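Written out below as structure tokens is the structure these notes cover.
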Amino acid sequence: MSYDTIIVGGGAAAYSAAIYAARYNLKTLIVEKDFGGETLLAGVIHNWPGAGKDGIDGFELMKKMKDQAESTGVEIVSGEASLVSMKKHCVKVKVGKKEFVSMTLILCVGMEHRKLGLDHEDDLKGNGVHSCATCDGPLYKGKKVAVVGGGDSAVKSANQLLDMGAAQVYMIVREDNLERAEPANLDELKARKDVTYVYENEIVELKGDKKLSGVVLRVEFEGNKDLEIDGLFVEIGSVPRDDLPKQLGVKFDERGQINVDPYTMATNVDGVFAAGDVTNGAAGFKQIVTASAQGAIAATSAYKDTKEHAGFCTLHVRSNKK
Ligand SMILES: Cc1cc2nc3c(=O)[nH]c(=O)nc-3n(C[C@H](O)[C@H](O)[C@H](O)COP(=O)(O)OP(=O)(O)OC[C@H]3O[C@@H](n4cnc5c(N)ncnc54)[C@H](O)[C@@H]3O)c2cc1C
């Protein structure tokens, strides 16, 4: 099957790009591995313009975006996209056994969570070690948990865990402050009493066989390196997903983000654009609103590209979409 643009991703950048692409009458396909992307982990979003003073739940926001994209006639397939072949303005991707051809590609593949890199971390994943407070926080009602990380996601996660009924949250932070967090989220956390701040410290060992029973700290805290907890939420940042971009020959910056022209979201590969958290656009400011804006710009550039290079891709059957 042949498209004017294929959008890879199932988050804010992808849905926004799809809504714009469809309004440019581009025959558009979204390939999404998972619905909703990172926004599903974000809980209530208070900084999405128009959400009102109570904000909007991340799941609900993504559902609305996806529904809007689908209502414009965009096709969606579930699965992981990988590259089959790439010539100028003629890209073939595979999802399972199906192949799809397109004149342009918009990469909205986001980032994946960083791990602590400690022994047994993978074994304890889901058994005391987590990376999503929204998903797994309810398991820790009345229990002691720790959040490791010093950014906004860590602070938001701690607030969520307390909202969900955690009895005590330890914030384990490498730095001596949490000033990288959004001030409103940090103020909310600082106003709570069941939070213990463990600054300038790190986790060096995870304890527990089949289930996490505690962690060992690098530096003693209140006279002890052992900290007994029921659950640990790892919020130490993310790294851009690079499998498909690498297959395409896309160039990255020194932080592993896709290098884009911020005015067009074009990558170094003809006909390939990128948007959202995976890029270094918006000066690396990774939010739903910036991902959505980048998706809109990428779709506009893809539209111009298909007009300029019509006929380049002999595999491409011109769209009948009106
Ligand atoms: C805990 C937390 C709280 C946050 N809170 C806020 C907040 O309050 N406000 C805010 O604005 N932002 C917040 N963010 C950031 C926000 O979620 C991200 O900026 C946003 O999700 C980026 O969207 P994206 O589309 O670029 O990437 P993502 O949302 O990560 O989506 C990437 C998508 O690509 C898919 N994918 C990857 N590879 C492939 C492939 N090969 N084939 C097919 N699909 C693929 C994935 O399955 C996923 O669906 C928060 C993030 C976290 C983790």
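None of the values given here were measured: they were computed from a predicted structure. Start at 1 and go down the list; that is how both ligands and their atoms are numbered.
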Give yes or no for whether the N/O distance cutoff of 3.5 Å, strictly under, is met between Gln287 and ligand 1. yes
Under 3.5 Å between some N or O of ligand 1 and some N or O of Val44? no
Give a yes-or-no answer on whether the side chains of Glu235 and Ser131 include a donor-acceptor pair shorter than 3.5 Å. no
Say whether Thr39, considering both its backbone and side-chain N or O atoms, lies within less than 3.5 Å of an N or O atom on ligand 1. yes
Hydrogens and angles aside, do Tyr20 and Thr300 bring a side-chain donor and acceptor to less than 3.5 Å of each other? no
Considering only the protein, which heavy-atom contact is closest to atom 4 (C) of ligand 1, and what is its distance? Ala42 CB, 3.3 Å
With heavy atoms and a 4.0 Å threshold, my read on which part of Val109 contacts ligand 1 is both
Give yes or no for whether the N/O distance cutoff of 3.5 Å, strictly under, is met between Gly276 and ligand 1. no
Can you give each donor-acceptor pair under 3.5 Å made by side-chain atoms of residues 33-41, sequence neighbours left out, with the distance rounded to 0.1 Å?
none

Closest protein heavy atom to atom 7 (C) of ligand 1, given as residue, atom name and distance to 0.1 Å: Lys156 NZ, 3.6 Å
Under 4.0 Å from a heavy atom of Lys286: which atoms of ligand 1 are those, numbered in the order shown and with their elements? 15 (C), 19 (O)
Asn185 and Asn159: side chain donor to acceptor below 3.5 Å: no
Treat each ILVMFWY residue as a node, draw an edge where side-chain heavy atoms are under 4.5 Å apart, and state whether Phe233 and Leu124 are in one component. no
Return the residue, atom name and 0.1 Å-rounded distance of the protein heavy atom closest to atom 1 (C) of ligand 1. Leu41 O, 3.7 Å
Check contact between Ala133 and ligand 1, using heavy atoms of the residue and a distance below 4.0 angstrom. no
Below 3.5 Å, N or O to N or O, backbone or side chain included: is there any such pair between Ile45 and ligand 1? no
Side chains of Gln294 and Thr279: is there a donor and an acceptor less than 3.5 Å apart? yes
Pairs flagged by side chain to side chain donor-acceptor pair (under 3.5 Å) wherever residues 111-121 is involved - sequence neighbours left out: Lys115-Asp122
When only distance counts, is Asp34 in polar contact with ligand 1, meaning an N/O pair under 3.5 Å? yes
Ligand 1 contact on Thr134 by region, counting heavy-atom pairs under 4.0 Å: neither
Where is the nearest protein heavy atom to atom 16 (C) of ligand 1: which residue, which atom, and how far? Ile288 CG1, 3.8 Å
Spacing of Leu61 atom CG and Ile288 atom CD1 [to the nearest 0.5 Å]: 5.5 Å
We want to know whether Gln160 and Thr134 form a side-chain donor-acceptor pair, criterion being a heavy-atom distance below 3.5 angstrom. yes
Which residue holds the protein heavy atom closest to atom 53 (C) of ligand 1, what is that atom called, and what is the gap in Å? Glu38 OE1, 3.3 Å
Less than 6.0 angstrom from the centroid, inside 45 degrees of the normal: does Lys66 satisfy that with respect to the ring of Tyr15? no
Can you see whether Lys286 engages Gln257 through a side-chain donor-acceptor pair at a distance of less than 3.5 angstrom? yes
If hydrophobic clusters are built by linking Ile, Leu, Val, Met, Phe, Trp and Tyr wherever their side-chain heavy atoms come under 4.5 Å apart, do Met164 and Met171 end up in the same one? no
Name the orientation class of the two ring planes belonging to Phe221 and Tyr170 (parallel below 30°, tilted from 30 to 60°, perpendicular beyond 60°). perpendicular
State the atoms of ligand 1, each with its element, that fall below the 4.0 Å cut-off from a heavy-atom position in Cys108. 32 (C), 33 (C), 34 (O)
Is it true that Val216 and Ile229 fall in one hydrophobic cluster, defined by side-chain heavy atoms closer than 4.5 Å? no
Part of Ala291 with heavy atoms under 4.0 Å of ligand 1, whether side chain, backbone, both or neither: side chain
Using a strict 4.0 Å cut-off to heavy atoms of Ala13, name the atoms of ligand 1 that fall inside it. 25 (O), 26 (O)
Looking only at protein heavy atoms, what sits closest to atom 45 (C) of ligand 1 is Lys33 CB, 3.7 Å
Which of the ligand 1 atoms, numbered from 1, are nearer than 4.0 Å to a heavy atom of Ala81: 40 (C), 41 (N), 42 (N), 43 (C)
At what distance is the nearest protein heavy atom to atom 31 (O) of ligand 1, and which residue and atom is it? Gly37 CA, 3.6 Å
Need the ligand 1 atom indices (1-based, order shown) with element for anything under 4.0 Å from a heavy-atom of Gly79. 42 (N), 43 (C)
Between Gly10, Gly36, Gly110, which one has a non-hydrogen atom sitting closest to atom 33 (C) of ligand 1? Gly10
Starting from atom 19 (O) of ligand 1, find the nearest protein heavy-atom neighbour and note its residue, name and distance. Asp277 OD1, 2.9 Å
Answer yes or no: does an N/O atom from Ser157 fall short of 3.5 Å to an N/O atom of ligand 1? no
Ignoring hydrogens and angles, state whether a donor on the side chain of Thr5 or Thr104 is under 3.5 Å from an acceptor on the partner side chain. yes
Honestly, for Arg241 the part within reach of ligand 1 (heavy atoms, under 4.0 Å) is side chain
